[in-house]
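Let me begin by presenting the structure, written as structure tokens, before commenting on it.
Just so you know, ligand 1 is whichever comes first in the structure, and atom 1 is the first atom listed for that ligand.
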Amino acid sequence: MPGRGALIVLEGCDRVGKTTQASKLLEKLQHRGIPTQLLKFPDRSTSTGQIINSYLTRKMDLPDKTVHLLFSANRWESEPQMKKLLNSGVTLIVDRYSHSGVAFSAAKNEMSIHWCYQPEIGLPKPDLVLFLTLNETAISKRSGFGDERYENSEFLKKVASNFQRLKDDAWKIIDADKDIETLNKELLLHVEKVIESVKDTHLSYFDP
Ligand code: Z5A
């Protein structure tokens with residue numbers, strides 16, 4: 001019997017390279033014969049994801065707490081499938097997850113980190129969070145902001161500071177100021193170690 005798969009999350013501020021690295025990790029792990037799937041949150045293809053997309057692209061306004069709960073509901077929509085895959089031995093590479101949910105919403109005025117965390121309780125807890133960091137000079141060289149909501153520097157500073165408050169033992173802080181391949185090799189080392197170390201353990205969940 002193969003053991004369970006690992007839940008690996010890529011987090012970090014805008015343009016640090018999460019999506020680029022998530023696809024490369026998927027490719028490398030699959031090439032090595034490790035059953036792996038990629039998820040991205042928000043998943044804009046689902047019913048909640050479509051509302052979130054309208055909100056982010058400014059086609060719709062919603063109260064802050066409503067949007068927060070929608071982002072969480074978007075993860076809960078995937079929860080049954082995530083559990084099934086992980087328990088059947090598939091490793092999941094996840095591009096943004098609950099930590100983005102908490103860090104972004106709590107950067108608004110209305111909600112505390114504690115309040116934002118509550119709807120995440122019970123979701124599968126990551127075995128590894130690869131938190132990518134990038135200095136301002138390097139970030140400024142990446143393609144510019146689009147015009148989605150949240151893409152402004154002042155707001156993103158608050159988000160970055162919230163992320164710092166969410167760190168736990170599952171986090172690896174990674175300096176992402178490297179070329180794509182070099183960074184991917186570094187991430188892959190952490191990922192392979194965790195896949196091996198969790199395979200005979202039970203999945204854990206965010207707790208109160
Ligand atoms: N949000 C929320 O509020 N609540 C939640 O619960 C969740 C999310 C889950 C949309 O997310 C927004 O939703 C986001 C958080 C909020 N708001 N903001 N702002 P999203 O995941 O859809 O955001 P995104 O805009 O697609 O991703 P991103 O963070 O901006 O980018 P990234 O994934 O970190 O980077 P990338 O797309 O891989 O790369 C960016 C550029 O840099 C691109 O041109 C690459 O070719 C280039 N790149 C990548 N790596 C390198 C290296 N190593 N060197 C040089 N250039 C590179």
Side-chain angles (χ1 to χ4, degrees), residues 9-27 38-46 48-60 62-79 82 92-108 110-111 113 115-121 123 126 129-160 162-163 166 174-188 206:
V9 170
L10 282 140
E11 280 288 7
C13 287
D14 272 42
R15 295 176 290 160
V16 290
K18 299 176 294 300
T19 302
T20 306
Q21 292 300 325
S23 335
K24 283 208 144 298
L25 284 174
L26 174 75
E27 193 187 300
L38 180 61
L39 299 178
K40 176 172 171 62
F41 293 108
D43 175 354
R44 301 187 195 215
S45 70
T46 70
T48 58
Q50 283 164 25
I51 306 175
I52 291 169
N53 184 54
S54 297
Y55 172 79
L56 287 172
T57 54
R58 301 177 193 275
K59 293 189 187 88
M60 183 191 270
L62 287 168
D64 290 340
K65 286 181 177 144
T66 308
V67 170
H68 178 71
L69 294 173
L70 276 173
F71 271 110
S72 186
N74 187 244
R75 284 183 278 283
W76 279 102
E77 276 179 323
S78 292
E79 183 257 2
M82 286 175 73
L92 298 180
I93 303 293
V94 183
D95 182 359
R96 291 197 191 270
Y97 192 54
S98 303
H99 311 92
S100 277
V102 175
F104 275 78
S105 291
K108 300 176 177 177
E110 292 289 309
M111 296 165 279
I113 284 191
W115 192 93
C116 292
Y117 176 70
Q118 301 310 299
E120 306 303 311
I121 292 170
L123 281 171
V129 178
L130 294 165
F131 185 76
L132 307 188
T133 64
L134 205 53
N135 59 60
E136 289 204 13
T137 319
I139 285 214
S140 66
K141 290 184 190 149
R142 303 263 165 113
S143 336
F145 284 136
D147 49 11
E148 285 204 343
R149 257 179 234 265
Y150 304 153
E151 293 183 338
N152 82 72
S153 311
E154 274 318 299
F155 183 75
L156 291 174
K157 272 187 195 147
K158 287 191 201 161
V159 173
N162 286 340
F163 271 128
L166 300 174
I174 311 278
D175 178 1
D177 191 9
K178 303 176 177 94
D179 68 77
I180 292 172
E181 273 309 321
T182 306
L183 177 58
N184 197 249
K185 279 189 190 133
E186 183 179 340
L187 299 185
L188 197 57
F206 286 120

Audit row: H99, N162, side chain to side chain contact (heavy atoms under 4.5 Å, CB included) steps and yes/no:
CA-CA 9 Å; H99 311 92; N162 286 340; over 6 Å; no

Best match, [options]: closest heavy atom to [atom]:
| atom | options | value |
| --- | --- | --- |
| atom 18 (N) of ligand 1 | L132, T20, D14 | D14 |
| atom 27 (O) of ligand 1 | E11, R96, K141 | R96 |
| atom 10 (C) of ligand 1 | E120, R44, R142 | R44 |

Is any side-chain heavy atom of Y150 closer than 4.5 Å to a side-chain heavy atom of L56?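 Heavy-atom side-chain distance check passes, below 4.5 Å.
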
Quick one: does I51's side chain get under 4.5 Å of L62's, heavy atoms only? yes

Identity and distance of the protein heavy atom lying nearest [atom]:
| atom | answer |
| --- | --- |
| atom 5 (C) of ligand 1 | F71 CD2, 3.2 Å |
| atom 35 (O) of ligand 1 | G17 N, 3.2 Å |
| atom 25 (O) of ligand 1 | E151 OE2, 4.0 Å |
| atom 40 (C) of ligand 1 | R15 CA, 3.9 Å |
| atom 24 (P) of ligand 1 | K40 NZ, 4.5 Å |
| atom 44 (O) of ligand 1 | S143 OG, 2.8 Å |
| atom 33 (O) of ligand 1 | T19 OG1, 2.7 Å |
| atom 6 (O) of ligand 1 | R75 NH1, 2.8 Å |

The atoms of ligand 1 lying under 4.0 Å from a heavy atom of K178, numbered in the order shown, are 52 (C), 53 (N), 54 (N)

Going by the order shown, which atoms of ligand 1 are within less than 4.0 Å of some heavy atom of P42?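 Listed by number with element: 8 (C), 9 (C), 11 (O).
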
Scanning both residues in full, the closest heavy-atom pair of L156 with C13 reads O-SG, 4.4 Å

Minimal heavy-atom distance between S72 and E120, with the atoms involved, is OG-OE2, 3.0 Å

Please say whether [X] places an N or O atom under 3.5 Å from an N or O atom belonging to ligand 1.
| X | value |
| --- | --- |
| Q21 | no |
| L56 | no |
| D95 | no |

Practice prompt. Dump the intermediate steps for side chain to side chain contact (heavy atoms under 4.5 Å, CB included) on L187 and L10, then the final yes or no.
Written response: CA-CA 10 Å; L187 299 185; L10 282 140; 4.1 Å; yes

Apply side chain to side chain contact (heavy atoms under 4.5 Å, CB included) to residues D43 and E77 and explain how you reach the verdict. CA-CA 9 Å; D43 175 354; E77 276 179 323; over 6 Å; no

Distance (rounded to the nearest 0.5 Å) between N184 CG and K178 NZ
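Rounded to the nearest 0.5 Å, the CG-NZ separation comes to 12.0 Å.
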
Test item, L183 contacting ligand 1 (heavy atom, 4.0 angstrom):
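Under 4.0 Å: no for L183.
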
Kindly indicate, with the supporting measurements, whether the criterion side chain to side chain contact (heavy atoms under 4.5 Å, CB included) is fulfilled by E181 and K24. CA-CA 9 Å; E181 273 309 321; K24 283 208 144 298; 2.9 Å; yes

message: Which label fits H68 and W115: parallel for a plane angle under 30°, tilted from 30 to 60°, or perpendicular past 60°?
response: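 Ring orientation of H68 relative to W115: tilted.
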
- Message: Do the side chains of R96 and D14 get close enough for a salt bridge, i.e. N-O under 4.0 angstrom?
- Response: yes

